Each structure stands twice: as structure tokens, then as C-alpha cells.
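Data first, discussion second: the structure below is written as C-alpha cells.
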Amino acid sequence: MSKWVTISRQRHSDLFYLPRYNYHFTAEHAVVPILAGELRQAVTQFVMGFIKREERFILVALLGKSAHSHHYIHPEDASWLGVYVPAVFRGHPFGLAKQDTTGEMVLQVHADHLSDEAGEPLFNDSGELNSAVAQQLSFLGECAKNRQKTDEACHRLAEEGVLQPWQTGKDEPNAIGLYQINEEKLNKLSEASFYQLQGVPLAIAYGQLFSMAQHEQLSQRSELHAKLNVPGSIDELFADNDEDLHFNF
């Protein structure tokens, strides 16, 4: 059963929603989608890469050093430990979904945040969306537009052949399903091909390359979690498993 409920004036005019107070809902995420519009913030906070989903590449940020770790939230109160929170998390508990029948985008709320007793009203006395909900709808709409531009840019990078499987050091496990920019191929593109990547595609390419400098920050976050008695090292998490990290989403 889906945990997302499409908001309807007829069915939910008297209901409430419970605001997001922490980021516990992100605890199982090993990566998070990143939009081109947030590259400037993301490149200073995350190691970024690409994952492949149904033959399409998606720009993502790594949240931990393994497929089962998340070093950007506090293990006790689930508060965000970083400076910047990715847009996809800031929209919670709301989201947009495409209707199967009409193809239109509809506003949804996570079922765990829907209430008939307490919280913030979904609609005002005039039957319109509460101002806070309307702001979230606007935010999600802008994110959806930017997501399309981001995905199209990633597709163009893939078409030019500058994406390659993630490369790790000899003592590190392979990150299966994760991709990165091949800088050598990027620099060897023809003048015409390079020109075609001007704008968002090239910004994403260089953003991903520059983000590799955040590996040290990721390691520091892993050490912090280890001090808080949270399994953070690869050895702890994969003591009884193979040495490959699987990013198959």
C-alpha cells in the first residue's frame, strides 16, 4: 500500500498535516537526488555522482561511505548535521506525483503526516490550500521543472560518453551502480561536442568533478558517527558480506 496520499479538497478539507520536525525519514537513504539549481551549495557539502535508472542517469549526492550509512543526520534526534539540506528532503512531507490517467501533476502528503485531530490545516476556511501548503506546492513545482533540466543534462553527458563506472582506490570496495565523470574524455571532446554541453550539462560535469574534494568531509562525518557508536566504517557494515557497495536504485 502506498504511503503517499493525493490531496483532495473534497476528501481532506477538514484534515491536518504534521510538519516535518527532523530528518529521520531519510535514514535509509544512501544517496539523494541533486538538482542543477542547487549545485553551488551541493558541491561544497557532498561527494556527487550519478546513478542509472531505466537507462537514464540521475545526479546524486552520497550521504555515507557505504550503501547502508547516512552521515548527515544525528543518530539520536535525526537533526541535519550539514550546512545545506537537499531540496528533495526539504519538500517532505509533501511531494508531487503524475496521475496515471491524465498525466497531470498532483500534490501528495505522506500518510504518516496526515491527521484528523491535530497539526496544521491543509485548507483554509475558503477551501483553498493553507498558505504554508501552497508555498510547498510552489517549491515542489519549481523543483520538478529543475529536475527535468537536470535529467536532460545528465542524458546529454551520457550521450557524449563522458560517464564511467565509479573509480575507487585499490583498498576500497567498488561502488556498483554509481558513475562519475571521466575527466580525460571530457577534455578530449571535439570543439563541437564541447560546445553542445555548454550550460547545465557542463556545470554538472565540473560540479561532480569538483565535489570529489569532499571525500575528506565524508570521512570526517563517518568518524563522527563512529564516535557516537553508530556503525560507520565499511568493515563494520560489511563484516559478513562481500566487498562491493551496491547503489541499485
Side-chain angles (χ1 to χ4, degrees), residues 26 28-68 70 72 84 86-89 91 95-98 103 105 140-170 172-215 217-218 243-249:
T26 73
E28 300 301 318
H29 291 256
V31 297
V32 56
I34 292 294
L35 302 175
E38 53 186 340
L39 270 176
R40 182 174 298 180
Q41 297 89 345
V43 75
T44 65
Q45 294 292 304
F46 308 102
V47 176
M48 292 188 290
F50 305 86
I51 58 173
K52 194 174 184 180
R53 184 181 294 166
E54 297 180 354
E55 303 305 314
R56 303 286 289 188
F57 286 90
I58 299 172
L59 179 67
V60 297
L62 279 64
L63 299 177
K65 294 188 68 176
S66 76
H68 301 284
H70 184 343
Y72 284 81
Y84 180 76
V88 69
F89 289 159
L96 289 182
K98 183 180 293 187
M105 301 299 290
L140 292 170
E142 291 301 314
C143 288
K145 293 177 183 177
N146 201 258
R147 166 57 56 202
Q148 184 175 357
K149 293 180 180 179
T150 306
D151 290 349
E152 290 174 354
C154 292
H155 180 65
R156 288 171 62 185
L157 291 170
E159 285 185 324
E160 291 295 342
V162 298
L163 299 185
Q164 68 177 17
W166 195 258
Q167 303 297 303
T168 55
K170 64 179 181 179
E172 298 177 7
N174 295 318
I176 296 176
L178 193 63
Y179 294 78
Q180 66 185 116
I181 293 292
N182 184 316
E183 188 173 6
E184 182 178 359
K185 287 186 176 180
L186 181 65
N187 291 334
K188 289 184 177 180
L189 287 176
S190 66
E191 184 176 343
S193 294
F194 194 82
Y195 178 80
Q196 290 299 318
L197 294 179
Q198 294 290 321
V200 178
L202 209 53
I204 289 176
Y206 284 117
Q208 192 278 311
L209 289 171
F210 294 152
S211 77
M212 299 299 280
Q214 302 308 324
H215 270 293
Q217 180 179 163
L218 196 58
E243 294 185 346
D244 291 333
L245 308 184
H246 295 266
F247 290 94
N248 298 323
F249 299 94

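Values below: all heavy atoms of this structure, side chains included; hydrogens, waters and symmetry mates excluded. On a predicted model such as this, the values are computed, not experimentally measured, just so you know.
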Worksheet, complete the sentence: Closest heavy-atom pair, Ala153 versus Val200, reported as atoms and distance to 0.1 Å, is CB-CG1, 3.5 Å

Item to complete: Return each pair, listed once, that meets salt bridge (charged side-chain N to carboxylate O under 4.0 Å, His left out) where at least one residue sits in residues 177-200; pairs must be two or more places apart or across chains.
Response: Glu184-Lys188

Worksheet item: Donor-acceptor pair, Thr150 side chain versus Ala36 backbone, under 3.5 Å?
Response: yes

Worksheet, complete the sentence: Heavy atoms of Ala87 and Tyr84 approach each other most closely as N-OH, 4.2 Å

Practice prompt. Looking only at non-hydrogen atoms, find the nearest pair between Ile34 and Ala42 and report the distance.
Written response: CG2-CB, 4.0 Å

Practice prompt. Verify the neighbour count for atom CD of Glu159: are there more than 12 heavy atoms of other residues, nucleotides or ligands below 6.0 Å?
Written response: yes

Worksheet item: Say you draw a straight line from CD of Glu160 to CG of Leu189; how long is it, rounded to the nearest 0.5 Å?
Response: 5.5 Å

Worksheet item: Can you check whether Asn182 reaches Leu163 side chain to side chain, under 4.5 Å on heavy atoms?
Response: no

Practice prompt. Without swapping roles, check the side chain of Asn146 against the backbone of Leu35 for a donor-acceptor pair under 3.5 Å.
Written response: no

Item to complete: Grab the two heavy atoms, one from Ile181 and one from Gln208, that are nearest each other, plus how far apart they are.
Response: N-OE1, 2.9 Å

Worksheet item: Got a salt bridge between Glu152 and Lys149, using NZ or NE/NH1/NH2 to carboxylate O under 4.0 Å?
Response: no

Worksheet item: Which pairs count as ring pair (Phe, Tyr, Trp, His ring centres under 6.0 Å) when at least one residue sits in residues 45-64, sequence neighbours excluded?
Response: Phe46-Tyr72, Phe57-Tyr179

Worksheet entry | Side-chain heavy atoms of Val43 within contact of Tyr206, under 4.5 Å | no

Worksheet item: Below 4.5 Å, heavy atoms only, C-beta onward: do Met212 and Val47 meet side chain to side chain?
Response: yes

Worksheet item: Do the side chains of Leu202 and Leu186 get nearer than 4.5 Å, heavy atoms only?
Response: yes

Item to complete: Taking all non-hydrogen atoms of both residues into account, name the closest pair between Pro33 and Arg147 and its distance.
Response: CB-NH2, 3.2 Å

Discussion item. If you define the side chain from C-beta out and look only at heavy atoms, does anything of Met48 sit under 4.5 Å from Leu39?
Written reply: yes

Worksheet item: So do the side chains of Gln214 and Gln45 get within less than 4.5 Å of each other, counting heavy atoms only?
Response: no

Practice prompt. Would you indicate whether the side-chain heavy atoms of Leu63 and Thr26 approach each other to under 4.5 Å?
Written response: no

Worksheet item: Side chains of Cys154 and Ile58: does their closest heavy-atom pair fall under 4.5 Å?
Response: no

Worksheet entry | Stepwise side-chain contact (heavy atoms from CB on, under 4.5 Å) test for Leu178 and Val60 | CA-CA 9 Å; Leu178 193 63; Val60 297; 4.2 Å; yes

